[in-house]
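Structure record follows, encoded as structure tokens.
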Protein chains: 2
Amino acid sequence: MKQVEEILKRNHLSVTDSRQKIMQFFLNSKGALAHADIEKKTGENFDRVTVYRTLQSFVEKGIIHLIPTKDNSIKYALCKDDCEAGHHHDNHVHFICDECSKTICLDDVTVPQVKLPKGFTPQHAEMVVNGICGDCK
Amino acid sequence: MKQVEEILKRNHLSVTDSRQKIMQFFLNSKGALAHADIEKKTGENFDRVTVYRTLQSFVEKGIIHLIPTKDNSIKYALCKDDCEAGHHHDNHVHFICDECSKTICLDDVTVPQVKLPKGFTPQHAEMVVNGICGDCK
DNA sequence: AGTAAATTTGCAACAATGATGCGAAAATTT
DNA sequence: AAATTTTCGCATCATTGTTGCAAATTTACT
């Protein structure tokens, strides 16, 4: 059984053409993807709505996760652990390259804890680092 | 001279009606604001374009700053230091309440440094903490 | 394998968000 | 107070994301 098929089945998703191809696209690309990347760069011609719904279903099942950005663009990423073992959402730091604007999951860098002022109860923390990635130096 | 007028002049911006009122709205509200908040909750009836351009000019001058969010909504915030002393962009942590979804600048909590893998050169880091704020407990 | 049930797709239509050009209006400079 | 610069607001357009629904596909069942 193909890898993509396995991932979909494991996550109780019907194995459809678009889902398989989009999942494959995630597996092939190193960094995070935006909706537009998938629409344009897959080579395929999915309906916009299909792409949205596919991404939604992946997020719901925890296969991909969202990455916050300042510029109002949603990025989705498939984490190493997610696609291999399931729902390992220890939250890691994300890196966005100012040069090539690639977005990368630093799976091994965990978001540090911070001391909040009185009254605030933390639940979840996200951290995004901008800078220059290895490929651009 | 009024406070808002002073802030605008100090930042080399013409003192116009909309800018004054939007700035005042920022000063009055505790948390961060989205474009929609300003359009709807000011009571005023600014043109959508005017609001966009006003916010843009504020961002350019460093009077307000953007806060990254996962859900593709841009939030703008006026920091204590910014409006008093100028461009104090030491980066602080942001807090988003899961209950009331208010977004707050934790001016006194600085984003901690993290050790990145080889090859990555950090330039700037952002951190957003989700949880419950003091008002919602 | 073949059929029924459930899910997904793609189209149309719509809503929200953001950008640009340009003449009119307002603010600043002199 | 006139000239210059900047900003406003309207029209228009592009992009992004959502929803409803019929047709197509996938899955489950015998």
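Throughout, protein chains are lettered first and strands after them, A, B, ... in sequence-line order, and every chain is numbered starting at 1.
Mapped onto DNA chain C by nearest heavy atom, B:L13 and B:S73 fall at different nucleotides, with B:S73 at the one closer to the 5' end. Summary of the strand contacts: A:S18 and B:S14 both lie near DNA chain C, and taking for each the nucleotide with the nearest heavy atom, the more 5' one is attributed to A:S18.
At the heavy-atom level, B:N72 lies under 4.0 Å from the strands shown only through sugar-phosphate atoms. The residue B:E39 sits apart from the nucleic acid: no heavy atom pair falls under 4.0 Å. Contact annotation for B:R48: base contact, defined as any heavy-atom pair under 4.0 Å involving a base atom. Note on B:S57: nothing from the nucleic acid sits closer than 4.0 angstrom, heavy atoms only.
Atom OH in B:Y52 sits about 17 Å away from atom P in D:dA14, given to the nearest Å. Rounded to whole Å, the distance from NZ on A:K21 to P on C:dT8 is 18 Å. The CG-P distance, from B:D47 to C:dA25, rounds to 15 Å in whole Å. Look at NE2 on A:H12: it is 16 Å from C1' on C:dA6, rounded to the nearest Å. Rounded to whole Å, the distance from CD on B:E60 to P on D:dT6 is 13 Å. Between the C1' atom of D:dT27 and the CZ atom of A:R19 lies a distance of 12 Å, rounded to the nearest Å. Between the CZ atom of B:F46 and the C1' atom of D:dT7 there is a distance of 13 Å, given to the nearest Å. Remark: C1' of C:dG18 and NE2 of B:H35 are 8 Å apart, rounded to the nearest angstrom.
Interatomic distance, SG of B:C133 versus CG of B:D98, reported as 10.0 Å (0.5 Å rounding).
Of the side-chain N and O atoms in A:T50, none sit less than 4.0 angstrom from OP1 or OP2 of C:dT9. Residue A:Q56 places at least one side-chain N or O under 4.0 Å from the OP1 or OP2 atom of D:dT18. Considering only side-chain N and O atoms, B:T16 lies nowhere under 4.0 angstrom from the phosphate OP1 or OP2 of D:dT6.
Inspection of the B:T42 and B:K21 side chains reveals no N or O donor paired with an N or O acceptor under 3.5 Å. Under 3.5 Å, the side chains of A:K75 and A:T69 contain no donor-acceptor pair of N or O atoms.
At a cut-off of 3.5 angstrom, the base of D:dG9 holds at least one donor-acceptor pair with the side chain of B:R53.
Considering all non-hydrogen atoms of both residues, B:D135 and B:K102 come closest at OD2-NZ, 3.5 Å. Taking each heavy atom of B:Q123 and A:I132 in turn, the nearest pair found is OE1-CG1, 4.1 Å.
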